[in-house]
Student: 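Quick one: the structure is below, questions incoming.
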Amino acid sequence: MIQSLANWILSFDILSGLGYSISWGLSLFVVSALIFVFVAVNAIVLVYIERKVSAFMQVRLGPMRVGKFGMLQTVADALKLLQKEDIIPRMADKVLFIIGPWTILIASVVTFAAIPFSETLLAANMNIGLFYVVSISSIVVLGIVMAGWASNNKWSLYGAMRSAAQIISYEIPVGITLISVVAVVGSLNLQTIVQAQAGVGNLFHWIPIPLPNWFIFHSPFLFLAAFIYLIGATAEINRTPFDIPESESELVAGFMTEYSGLRWALFFLSEYANATLVAFLVAIVFLGGWQSPFADYQGAQVALAIMTLTAGMWTAFVKTKVGRLSIYPLGLSLALTLSAWLFPGFAIWLASPGLFWMIMKAATIIFLLMWFRWTFPRLRVDQLMYVSWKVILPISIMNLMGVAVWMWLTGEIQF
Amino acid sequence: MSYISNITNAVGTLIEGMKVTMGYFVRPREHVTLQYPDEVWPVPSRNIGVGELDAYNTIRSKLTVDMNDCIGCKACERACPVNCIHIDAYKGTPEDNLQITSNGTQVKLLVANFIIDMSECMFCDLCTHPCPEDCITMTPDYQFISNDNLKTDVTPEQRWRDKDLLIYQFSKVSEEERNRRKAEADEAKKAKAALMAAKKAAAEKAAAEKAASEQAATEKAATPEVSEETARAETEAEVIKPSQEVSPAPEEATNPINVTFHEKSSAETETEPAQPDVVTEKPDESEDSTAKESENG
């Protein structure tokens, strides 16, 4: 994406004098800024959605007073956080205290460079993309330990230590489940992994139900691996039921106890960036990435039309807790059409439905994470370790072997 | 085998829990949230009163006064245990257009000021019962937030300066009229005070003269047989009260000076019972103050 952007900049007569290196640097900056803006806006939207989801699950209304249905609530909250006093405790290790949240944020934002949002929308097409994502997202634990240690607070230190123990423990099953997918594809390139899931096939190779060739339908083992990865990833991003590093009832706020204002907002930002990253990774590795579920179906258009019609009927006639939704799909489609007419480049993006399907899949996973969060109680520390080392790790190792056996049985690989 | 059964049990219960939350998420049902300023809980309307107290409500909240019925008797002000009611009533004049209450009583006083400080009110309901016209009542209106509360400058102490919005003015008399009436009343009061001060000063002078003559008489009578004790007591008394013109003898327990003064003062001044003690101890100061008062008046 960066190279194509650089070439696009040079294609203009006025800008052709810039030279390739400058235009490359410029496009690098633009792409990084885009990713950062995506992460920030994403966090604001997700916080709102999370509050609404939790409210509906608890028979409440959630934020209702700032904007229509409280839609501007998180914007107001963000503005409030930016205005707040920035406190550094007197006995804190100032350097680490300041570096900690930035380390976490950078580690969680930088991983988005390797995520293919669509066929073309990919910042850096690395041949070790998956490895890059997993390894860089592990740097988050470094930032958490920094923040916890620098705060000079027992709660913070406990939270940081728990977090380190938890993330390191759950990294192993997560890595093994990802390896089981890599074993099938034979590549660490995320774009290659997505492209390997194109087309339609039978469910679990033999059961005659036509389904997309996504890896979650590849074999029972990979089906299980998807859920194991989801569980492990939930633990890695410190979300409930694995939120013992910041368990409110025990450690106040864990490693972010001493933080306030902008730095605290950075923690929040990175938390939701991590959740989004996990959702994207699940979508890429197990759910076919930007591949449309109707890609090769005969009459996919019909299916899509029926789906849209049903959704439209539902939104128009069903009165939900937030009121009748009929106006929102209408407005959205109108805005999309208008922007497609105004910006032809945007129309090209729209024509390739990769981004849409990618975001839909990621949104489903994020909703699943929220569903987990507002349903499950928190695990104890020893329970957490038990689940990691005694349940998930053995299952994931057996799963890896099962995948190998399955591939030998189905004839995908020959010895 | 408890290992596997534990895992299956855990997965089963987790799925069950997720079913429950999803059920609440999807089901279109009534929420428990009350959008407070837009929706409010209904106030229970049942009355617990019997017979005469039939209108006695379970909820006692904001106090209201029907100013058409108020006769300015200050019964509620006296009944209030926390002094949250302040009434200024002046003698009515023909221009005030005083009316007849719903009970048939002719209003004789102009109620220029009727303030209820709801920040002090403790909702005891004691003020409503003494009211002869039943014009002060407790209402079930518990929402004190509104724009039509009037700020007033009439609070005796300005300690509630941050709670001014909880001070309710019920009187419809205009501020100019109120100020005029107040000035008139103050003038009358000051004139009366000046008069009384003059009388008091005269009485004091008379008492002091009388006391001096009596003292002289007793001293004359007592000088031949002065014992050591009484002499010492006398000197002590002089040391303690050097400013006193005439120091009475300590053995005179029933001081004739004070008795006479009390009788006179109680007859003259009704409102200032604490004054005589001060006067007897420091007559100079009291004279000065009364002189000042008379000058000001």
Side-chain angles (χ1 to χ4, degrees), chain A residues 49-66 68-70 224 227-228 230-231 234 240-242 314-315 317-325 364 367-380 383-384 386-396 398, chain B residues 1-46 59 61-62 118-119 139-149 151 161-166 168:
Chain A
I49 291 174
E50 173 125 42
R51 290 176 73 173
K52 276 292 185 191
V53 166
S54 73
F56 291 163
M57 282 180 178
Q58 295 166 0
V59 206
R60 292 185 287 115
L61 283 177
M64 284 295 281
R65 302 214 70 87
V66 188
K68 190 86 175 162
F69 305 124
L224 194 59
F227 286 95
I228 289 174
L230 198 62
I231 293 166
T234 315
T240 321
F242 304 104
W314 186 78
T315 50
F317 292 113
V318 175
K319 192 173 189 302
T320 61
K321 269 169 277 191
V322 291
R324 287 182 200 281
L325 294 168
T364 315
F367 177 76
L368 203 62
L369 289 175
M370 289 177 182
W371 192 2
F372 286 168
R373 177 164 178 177
W374 297 104
T375 306
F376 299 152
R378 186 188 308 132
L379 270 74
R380 238 189 297 132
Q383 288 170 340
L384 190 90
Y386 178 88
V387 169
S388 173
W389 293 103
K390 286 192 169 177
V391 180
I392 289 184
L393 186 61
I395 290 176
S396 61
M398 298 217 309
Chain B
M1 278 295 104
S2 70
Y3 176 77
I4 290 170
S5 70
N6 273 349
I7 291 173
T8 51
N9 192 23
V11 172
T13 47
L14 289 182
I15 288 172
E16 200 168 311
M18 287 175 76
K19 268 186 205 164
V20 171
T21 43
M22 186 42 95
Y24 280 113
F25 182 77
V26 173
R27 206 178 307 160
R29 67 209 302 284
E30 286 181 8
H31 50 82
V32 296
T33 311
L34 190 75
Q35 296 271 295
Y36 166 63
D38 305 334
E39 314 160 17
V40 288
W41 286 113
V43 173
S45 58
R46 76 198 169 95
I59 288 181
S61 196
K62 201 185 273 181
M118 289 311 287
S119 62
T139 57
D141 180 14
Y142 59 89
Q143 300 184 77
F144 286 83
I145 304 156
S146 76
N147 291 325
D148 46 82
N149 305 342
K151 279 191 179 181
R161 59 199 159 88
D162 293 330
K163 299 180 181 175
D164 279 356
L165 285 175
L166 283 172
Y168 291 79

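Treat the numbers as computed from the prediction; the structure is a model and nothing was measured. Proteins get letters first, then strands, A, B, ... in listed order; numbering begins at 1 in each.
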Student: Sort Ile7(B) into side chain, backbone, both or neither according to what part of it lies under 4.5 angstrom from a heavy atom of chain A.
Tutor: side chain

Student: For residues 387-396 of chain A, which residue pairs qualify under side-chain hydrogen bond (donor to acceptor under 3.5 Å, both in side chains), counting only residues two or more places apart or in two chains?
Tutor: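 Residue pairs passing side-chain hydrogen bond (donor to acceptor under 3.5 Å, both in side chains), neighbours aside: Ser169(A)-Trp389(A).
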
Student: Residues in salt bridge (Lys or Arg N to Asp or Glu O under 4.0 Å) with Arg380(A), at least two apart?
Tutor: Asp382(A)

Student: Do side-chain atoms of Lys52(A) reach the backbone of Leu61(A) as a donor and acceptor pair under 3.5 angstrom?
Tutor: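 Judged by distance alone, yes, a pair lies under 3.5 Å.
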
Student: Do we see a donor-acceptor contact under 3.5 Å between the side chains of Thr21(B) and Trp371(A)?
Tutor: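 Yes - a donor-acceptor pair under 3.5 Å links their side chains.
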
Student: For Phe227(A), which atoms come within 4.5 Å of any heavy atom of chain B: side chain, backbone, both, or neither?
Tutor: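 The answer is neither part of Phe227(A).
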
Student: With a 4.5 angstrom heavy-atom cut-off, which part of Val387(A) approaches chain B: side chain, backbone, both or neither?
Tutor: neither

